[in-house]
Each structure stands twice: as C-alpha cells, then as structure tokens.
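Working notes, beginning with the structure itself.
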Number of protein chains: 2
Amino acid sequence: MTSTRRFPAPVSALALARAIDAGNLTPATAIERSIAAIEAHDALLGAFVATDFDAARAAAATATGPLAGIALGVKDIIDTHDLPTAYGSEIYAGHRPAADAPVVALARRAGSTVIGKTATTEFAYLQPTVTRNPVKPDHTPGGSSSGSAAAVGAGLIPFALGTQTGGSVIRPAAFCGIAGFKPSFRLIPTVGMKCFSWSLDTIGLFAAGIEDIGFCATALIGRPLRVDGRDPGAPRIGVARTHLWDEASHDMRAALETGARKAAQAGATVVDLEMPAVFAEAFAAHRVLQDFQAAQAFAFEVDHHRGRLSEILREALDHGASITPEAYDLARRTSRQARLALKDLFAEVDVILTPSTPGAAPEGLASTGAPIFNKLWTLMGTPCVNVPGLTGGGGLPLGLQIVAPFGRDLRALEAARFLEKALGA
Amino acid sequence: MTSTRRFPAPVSALALARAIDAGNLTPATAIERSIAAIEAHDALLGAFVATDFDAARAAAATATGPLAGIALGVKDIIDTHDLPTAYGSEIYAGHRPAADAPVVALARRAGSTVIGKTATTEFAYLQPTVTRNPVKPDHTPGGSSSGSAAAVGAGLIPFALGTQTGGSVIRPAAFCGIAGFKPSFRLIPTVGMKCFSWSLDTIGLFAAGIEDIGFCATALIGRPLRVDGRDPGAPRIGVARTHLWDEASHDMRAALETGARKAAQAGATVVDLEMPAVFAEAFAAHRVLQDFQAAQAFAFEVDHHRGRLSEILREALDHGASITPEAYDLARRTSRQARLALKDLFAEVDVILTPSTPGAAPEGLASTGAPIFNKLWTLMGTPCVNVPGLTGGGGLPLGLQIVAPFGRDLRALEAARFLEKALGA
C-alpha cells in the first residue's frame, strides 16, 4: 500500500527565508534550486504551463524584501504581464495581459520571484489538467489550482497562488499533502483573475506548512498573520460533520476523529456542532449563485467561442442561463441567512473542524475530485485552512479543514497551526 | 443668461425602439442617424475616443433583439474586444482587450450596436477629459463618465454605459440634463471594467429619460425594470438634505424644495428625514475604502508606470498606501453600521430625495465637479437615479436624486419616473 515517493519533499518558505536572512543562502541560489527541481521533475508532474527561467534569474539577482529568494508559482487564471496567461483554455492560448494582477504585483513587491504559471483547469472549473499528484502520480492532484498545489507538494517551489470558487484551494492542498489557505472573502484582491463568480472567487495560498502560509500571507498583504515562534493557546473547536457526512470515506471519518482526539489531547476544547438546516440550503444556493454569475461572466466566450468550451463547462453555463433572477435573489437571501446562523455557531467555538475533502485523491486524472466540503465555506466567505499531516490507507494524504469567522484569518491560522502540531505529536 | 443650444436634444431610446417595432424605422437607419450626429457634433463635444462606423453599420444590418437600432456608447473604462480600450490613461493607449466585458457582451446580445468608446477621466478618477457640456460647452459635463453623459445629452446616441465609484454616473447625468441610473451594487457585473475599488465600482446607464433607462436596463439584464406605460402610484418620499446641505448652491436648494413641492402636489407623501451621525462617518469611510483598495488595485501601474499617472491620482494612491489595515477594517465596520441605519430610515419612506450634485455644472473643463452628494449612496450600494427636468439660473440643468433600498431598483425607477412627470407638469 505504500508508495515510493518520486518527488522531493515540500520546501518550507520560512526555512528558506531564515537561511537567506542568516546569510547561509542567497536569493539567487534559492531560485536556482527551484529551477533545477522544475527541470528535473516537471516533465512527469505537469504542474507548469509557462516558465521564463532567464527572467526569474534576473529578478532574483536584485530581489529584496521578505520574500526575496522565494520562487512563486502563479495559477494561470491570474494575469501576469510578462508570462502568457491562458486561463486553462485554448481560447486564450498565448494571451498576454497588459498588466499583472494586483496580487502578483504585491508578491513581486514583497521580493518573491514569479518562476512560472501553474496549470489550472479550464477557467478554474472542473475539466482536468494533465497535472499529477506529487505523492502518487497516477492520482489527481485535485483542482482547479492543480499545478500550484502539485508544484508545492512536489517540492519544486515553496509558495504558490491559487483561487477558490468552490473548493479549488483547500481540495488540492489536501490531496497533495500541503498547507492551503483560503482567506476571508476579498482579503486579497481578485482583480486580474479571470472571473467565474464575483461573489465566490477568492485568491488563496499554498505552502509546505501552516507557518509558511502565515509568513507568506503577511509578506504579501501586510497584515499580521504569522504564527511561527508563538504559542497562541488552545482553541475551542467545534466539529462539523455537516449534512454531507455520509459522503465522507471511511478513512476521512477516521481522520476527523483522529484530529479531534489529538486536538483534545493537546488541550483544545472539542465539541460536536449541530448544523441547522439553513446550511444545507446554503450549500445548494452556492451552485445557483455560481452558475448564474458564470453565465454572465462568460457571456463573451459563450457568444464567440462556444465550441471551444468543454462540455462540462457549457453545461454549467447553460444551467446558469436558465436560472431566473428570482431564484438567484432567493439564493442570495439564503446565503445571508446562513451567514447569520454561522454567527450563532461561532458564539460557542473559536473555529470549526471539518473534512477538507470526502477522502483521499481519487485515482486517475479524469476528475479533480469533489468540492462538497468546501462550497459552503466559500459561500460564507470565511477563512479556511487545510491542515496536512494525516495519511489514508493508500498512502495518500488526508486533509482536515479549520474554518474561522469572517475576518478572523489570524485565528484560523493559529488554530490550524495548533492542529498541525497536535497531529505531528 | 440663456444659451443658444449648439447640440440636438437627447434622443429617446424607447421612442426609437417603438418606431422600429412599428416598421417606421430600420435599425440600420437609426444607427446611421447616430453616426451622422457624431460626425456633425463630436469635434466640438469631444465625447468619443474611439469609433468604428463600418463595424457599427455591419452590426446594425443584422441586429435583432429589443435594442436593435440602439446606438450604444461604452465608457472607455470597460473592455471591448473590437475597439481599443485605454482606460483614459496613456499607459494603455491602443490597448486591445482579449474579450468584451460581460456588460458589453450582454448589450450586444440584446441587439444594441456599440458605436464607440466614450471619454473617461484617467482610470475613472478626477483628472478631466476634453469633453464639453452639451448644454453649455464652456462648462464641464461632469465625470468620470464624461463622454457617455455628454454623448447622450447632446443627442448623439440614445444609450450609454458608465461607471460610478464616487459619483461618476449621477453627477454627469445631472450636469448634462439626462437620466442616469446607478443600480444596486453588482446588479450589473463589473467584470472587465478597470477596477478602482472593488467594494464601490458600479456599472450604470445613461439615457434621455427615466422610461428610456427602464427600457434599456430591462433589455440589458433581463429583470423587469420598465416603468413606461404604467402608473405605479405615489411614493412616500423622505427628503435628505444630509450633513453636506451647506455645500449645496442656492439654486440646488431651491431645486430640491421645488422637487419636494411638486411631488407632494402630484400626490406623494413627503417628509423630512433626519440623517443620524453614522452617515457622516460613512461618508468619510468611503474615501478610506476607495483609496486603500485603489492602492492595491493599481499596484502594477504604481510600480511600472508611476510617472505616467496624473498628480491627483498619485496623491490618492499614496494616500491609500498610507492607510493601515486597522483603519480600513474600521471603515468597513462603519459602512456596515450605516447600512443597518439606512434600513431604519427606509422603514418610514419608500425612497429618499436628495440633490444629485451641489449645483449646476461648474464653468471650465479643469474640474469635473464634486461627488459629495453621491459617495454615501455608492458606499451603501443602493440604487440611485438622476431625475432631469429642472434648470438653474444660468440655464444649466440641475438634477435631483432618488435613492431606494438595496435591491429595490424597480422602486427607484418608479419613483424617479413619478418625480420626472411631476417636474414636467
């Protein structure tokens, strides 16, 4: 059941930055390592769709700032002015945006080196990429941020940007055995990201561990989100099995119980949460909002390039076009009600613990897996963190998800770090 | 004091559509009229920055749908795939977006013909364009949707798209003596519009009168927003002088009293509203949100093209960069509190009546005027309508603004139509 790992282990961004700070490593050398790892392994992994190593070397040579020497992979749904941006679609093959998305500009300003664009499913929806799982290459890495998660999971780069509209950050992070962070809605600007749903699209981060996420997020947006070198205390954790518990695999159910038990052993207060029915309604509302908005967001592509869209995307866009404004408005009201109900839930606990995915990464590359344990939280706009550390029977990673109230991103990362430590203990 | 008008009167989109429906006019002929008017008058007016009349003729020849024969001007802050889109900045001179913004694709789908791009201030901020006021060419048309409002006001086109982040739809509509509609936040997707502030940017419409706005909005987004041929009844109107009443000109104060009196004479219940202090705080919060977000949204332009930004924009972006996340979060909380207080205000009245601007269009083209009577409502996300019909001492238009609760766009248009009729009676 165990597999011989074909790729290097994930690389800690924080460890690299400390080595650079201490004078034991130069930014240029750190970037060379990533270039060498990509050259050695990406032919099999398939995480990158565009790279420019000469430009990366030039940028690294003069890099300053907290992320100097940190090689960054940018999901190819996000605009870059110096690398082609195809949004995972042949319609935009070779497209050269006029500007960097703000998140990319901010990442460069913090000193990171954009080493390449990472594979995204078509317009960050469900049509898979060729990317493989870094732990077991015959399994999916998840999607839609397939390349970003795989590249960090395979140790090619220490930091990557992704996006989540359904479950596209937390799911691939879980499948690839790394930390993933979907911040509060609009904590990071989505400007310059190809829009799928303006109420749901969220930019997220991938890194080796939770401390790395906190370090990179702080450098990126200038908010105090670091959780290294601190002991934030034991959180009150509510375990949410949700109405989809029956969809979780045996392994995932066991993993959630393990996570709850180890967190309690480490000192956390752990209680079971009853989720009111409005959350099941909100789960259903997610698709209404997403597809209705996508049908508008892709009006140009539908009218000019319908034949070049995948069947699965065409179906979603046709579904969206069939939704009435009344049904859409009802879904928005349901989502507001669920947000209010969530406030009540958080009166009792600091964070929620719930599966990141129904189970480990499915075999084959024909599907990127199911976002069913993510869509509700994307709709709620709450910060979510995938905590790595557990493994299922097949040797594949299983991720647990920490959810905190909207705007409590530091609390989410602190609790995630607490859990990560407890799982490793 | 009176001026000889140099431009044709505004053209009703609804009247054109009815003539086409009745077989008295072809879409091609209607578009030819707009082309001829632009050729005759735009050299003086300066409303258009890009046109392609051959493409417009070709589109009109096969146009179907409710807006067939309606020439549309698109503010040059919004992407078009077949016309250059420069966002009012030399940085993007000649820029060719890869796709139409969804709102443009939807407008084409409804049958309208994109006849050209209209002048916008630099990135829809305050640096003026060369556009002139259609009523008095030595006055500003207002901004930032200068070209869209002027082109409709000068009778060159019956329909135009604009955007509002502060007061960029309602203000130019008022200055140019036409109807302007800033819908509820995100009723119309802002995807493909150059982002200034993702919490504030709103796409809006310009047309000759309120019935034309309702007709065009319905065709554009498929919601029932028509107010022609109906008698929606007399609204309960709350008159909001706001904490900025001292900034209103003598003419504008008289205009507001005239509007209130005529509405009451037509059967409306008119009461004075006391605005709690939180609204003055929210007014101040608008700038914090706007500048903080703009500093991120323009990170690429600041880092790569700082010298090509106007001084007034650089100052706003530098101000935004100096705002702490704490101050930004506080502004967001203030704005949520004001939204709650607004619900209380609307418990007593159907709509709010307030000035569209401090007064008539200022003389000269060095400033586009002040958005002080608009910023609060943009922040609140409420539908706003500029109602034309009154004139100040200098012969220039004065606009009154109808504001309805979030999501009550039809109510806003109904009350605006009621007031428009009352002013004309």
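Proteins come first, then strands; the chains are lettered A, B, ... in the order of their sequence lines, and each starts at number 1. The structure displayed is predicted, hence computed values, not measured ones.
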Go through the atoms of A/R108 and report whether side chain, backbone, both or neither lie under 4.5 Å from a heavy atom of chain B.
neither
Salt bridge or not for B/D318 and B/R306, using N-O below 4.0 Å?
yes
Heavy-atom check, side chain of A/F196 versus side chain of A/Q290, under 4.5 Å
yes
For B/R186, which atoms come within 4.5 Å of any heavy atom of chain A: side chain, backbone, both, or neither?
both
Relative to chain A, which of B/A99, B/C195, B/P97 shows the most heavy atom pairs under 4.5 Å?
B/A99
Please flag which part of A/Y328 lies under 4.5 Å from any non-hydrogen atom of chain B: side chain, backbone, both or neither.
side chain
Residue part contacting chain A, namely of B/H305, when any heavy atom lies under 4.5 Å
neither
Does B/L225 offer a backbone N or O that forms a donor-acceptor pair with the side chain of B/T218 under 3.5 Å?
yes
Which atoms of A/H304 are under 4.5 Å from chain B, going by heavy atoms: the side chain, the backbone, both sets, or neither?
side chain
Any non-hydrogen side-chain atom of B/L67 less than 4.5 Å from a side-chain atom of B/F215?
yes
Is it true that B/T85 and B/K194 share a donor-acceptor pair across their side chains at a distance under 3.5 Å?
no
By a 4.5 Å heavy-atom criterion (distance strictly below it), what part of A/V302 contacts chain B: side chain, backbone, both, or neither?
side chain
